[in-house]
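As structure tokens, the structure follows; a few thoughts come after it.
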Amino acid sequence: MAGKLESKNVLVTGSRRGIGKGIALEAAREGANVAVNDLTGADELETLVKEIRGMGRRAVAVLADVSRGDEVNRMVETVERDLGPIDVLVNNAGVESIIPFLEIDEKEWERVTHTNLKGEWLCAQAVARRMVAAKRPGAFVNIGSVQAGMVLPGRTHYAPSKRAIEALTANLAAELAPHNIRVNCIHPGLIDTDMTAWVMKDPQILPIVLDKIALHRAGQPVEIAKAVVFLASDDASYITGQYLYVDGGFRIL
Ligand code: NDP
């Protein structure tokens, strides 16, 4: 049986580990050729490329900083040269830090907002320009965060960067719909990755967080990946401009 992304070319940013890696592997399981990207970790990316090729798909790895336009353009050019035109962009790369508002400095504000928000904007523009020029349809999935709708201590930089992804998604969806490019957003809840290791390992904090989650557990990267594949696939052909919480029912307010 054909996979949900059979023969599609999929670019997943920030995919050497965590949720991005889960998305890259699930896309390959669903028949896609996959381009993986990260800021660092060439060895891990190459191992992932080998795993994807072992599944019978084509794969390429590109080290690039999604917050820099020149690097994003180079990444997209490399992917299209090696795999062919990109059909699906998953804007996953992101960084979080927890710093009280009165202590945060401009450099950290820029690192977080430029990676999480500007990076999604830059990647979307670089890919969309090529799709539009080639008159090819496409699908983008932007990874936000459950924190888009929450207030947690020390997130005056991270939370706005994620909330803004809803506005970015809606505006991109409107501008790109005439070009048959759909744009949606997924807000993950607590997912078991390096980013959340400090929560998962803290016997005091973990039960408090789990008490806020209806399903009373952390999610796994593959559970985000399956939702990404759905939104990227033709099964979601009439869905655009939406955001979906994949969070096990996580609400604190
Ligand atoms: P991880 O920290 O495990 O992985 C994030 C990856 O993004 C890292 O490999 C990191 O690379 C990469 N990255 C960071 N900055 C850049 C950059 N400028 N250019 C390219 N790649 C970059 O995080 P998760 O897998 O947990 O998170 C993935 C996404 O999901 C993020 O956007 C995050 O905000 C979001 N999210 C995660 C949640 C969770 O519970 N885990 C909850 C809600 C949202 P490097 O290590 O080289 O810096």
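Ligands are counted one by one from 1 in listed order, and the atoms in each one are counted from 1 as well. All residue numbers in this chain count up from 1 along the given sequence.
Considering Ala197, Ser161, Pro188 only, the shortest heavy-atom separation from atom 43 (C) of ligand 1 involves Pro188. With distances taken over non-hydrogen atoms, the option nearest atom 47 (O) of ligand 1 out of Thr40, Leu45, Val146 is Thr40. When Gly144, Ala148, Gly20 are checked for heavy-atom proximity to atom 35 (C) of ligand 1, Gly144 turns out nearest.
Of all atoms in ligand 1, listed by their number and element, those nearer than 4.0 Å to a heavy atom of Tyr158 are 33 (C), 34 (O), 36 (N), 44 (C). Taking every heavy atom of Val95 and a limit of under 4.0 angstrom, the matching atoms of ligand 1 come to 14 (C), 15 (N). Close approach to Ala64 involves these atoms of ligand 1, each under 4.0 Å from a residue heavy atom: 19 (N), 20 (C). If you number the atoms of ligand 1 from 1 as listed, the ones under 4.0 Å from a heavy atom of Ser145 come out as 43 (C), 44 (C). Those atoms of ligand 1 with a heavy atom of Thr196 less than 4.0 angstrom away are 39 (C), 40 (O), 41 (N). Residue Gly94 has at least one heavy-atom neighbour below 4.0 Å for each of these atoms of ligand 1: 5 (C), 7 (O), 14 (C), 31 (C), 32 (O). Shown in contact with Ile143 at under 4.0 Å from a heavy atom are these atoms of ligand 1, numbered in order with element: 29 (C), 30 (O), 35 (C). Numbered from 1 in the order shown, with element, the atoms of ligand 1 that lie under 4.0 Å from a heavy atom of Gly18 read 25 (O).
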side-chain hydrogen bond (donor to acceptor under 3.5 Å, both in side chains) between Glu108 and Ser97, worked out: CA-CA 9 Å; Glu108 184 61 3; Ser97 58; 2.6 Å; yes

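By the 4.0 Å N-to-carboxylate-O rule, Lys21 lies too far from Glu51 to be salt-bridged with it.
Within the 4.0 Å heavy-atom criterion, both parts of Ile191, backbone and side chain, lie near ligand 1. Both the backbone and the side chain of Asp65 come within contact range of ligand 1, each with a heavy atom under 4.0 Å. When heavy-atom distances to ligand 1 are checked against a 4.0 Å cut-off, Thr115 comes that close only through its side chain, counted from C-beta outward. Using a 4.0 Å cut-off between heavy atoms, Ile19 contacts ligand 1 through both its backbone and its side chain.
Here the protein heavy atom with the shortest distance to atom 8 (C) of ligand 1 is Arg17 NE, 3.4 Å. The nearest protein atom to atom 22 (C) of ligand 1, hydrogens excluded, is given as Ala93 CB, 3.7 Å; this is a heavy-atom distance. The protein atom (non-hydrogen) at minimum distance from atom 7 (O) of ligand 1 is Gly14 CA, 3.6 Å. If you check which protein heavy atom lies closest to atom 11 (O) of ligand 1, you get Asp38 OD1, 2.3 Å. For atom 28 (C) of ligand 1, the closest non-hydrogen atom of the protein is Asn92 OD1, 3.2 Å. Nearest to atom 19 (N) of ligand 1 among the protein's heavy atoms is Val66 N, 3.0 Å. Atom 38 (C) of ligand 1 has as its closest protein heavy atom Gly189 O, 3.8 Å. Counting protein heavy atoms only, atom 21 (N) of ligand 1 is closest to Leu39 N, 3.4 Å.
Among Thr169, Asn116, Asn92, the single residue meeting the side chain to side chain donor-acceptor pair (under 3.5 Å) criterion with Asn142 is Thr169.
Residue Leu190 places no N or O, backbone or side chain, under 3.5 Å from any N or O of ligand 1. Among the atoms of Ser67, none of the N or O lies under 3.5 angstrom from an N or O of ligand 1.
Counting only heavy atoms from C-beta outward, the side chains of Phe230 and Leu244 never approach each other to under 4.5 Å. Here the side chains of Lys8 and Glu30 are not in contact, with every heavy-atom distance at 4.5 Å or above. Side-chain atoms of Val79 and Val76, non-hydrogen and from C-beta on, never get closer than 4.5 Å to each other. You'll find the side chain of Pro188 reaches within 4.5 Å of the side chain of Ile143, heavy atoms only. In this structure, His187 and Val246 have side chains that are not in contact, with every pair of non-hydrogen atoms separated by 4.5 Å or more. The closest side-chain heavy-atom distance from Met75 to Leu11 is below 4.5 Å.
Clustering ILVMFWY residues whenever any of their side-chain heavy atoms sit less than 4.5 angstrom apart, transitively, puts Tyr243 in a cluster other than the one holding Ile239. Cluster annotation: Ile191 and Val229 are assigned to the same hydrophobic cluster (Ile/Leu/Val/Met/Phe/Trp/Tyr, side-chain heavy-atom contacts under 4.5 Å, transitive).
The number of heavy atoms from other shown groups lying within 6.0 Å of CG (Asp211) is above 12. The environment of CZ in Arg163 is sparse: at most 12 heavy-atom neighbours from other residues, nucleotides or ligands sit within 6.0 Å. Around atom CD of Glu175, no more than 12 heavy atoms belonging to other residues, nucleotides or ligands sit under 6.0 Å away.
Under a 4.0 angstrom heavy-atom cut-off, Gly22 registers as lying outside contact with ligand 1. Heavy-atom separations between Lys162 and ligand 1 include at least one value shorter than 4.0 Å.
Pairs of residues two or more places apart, or lying in two chains, that qualify as side-chain hydrogen bond (donor to acceptor under 3.5 Å, both in side chains) and include a residue from residues 61-76 are Asp65-Ser67, Arg68-Asp70, Arg68-Glu71.
For Val222 against Glu26, the heavy-atom pair with the smallest separation is CG2-OE1, 3.8 Å.
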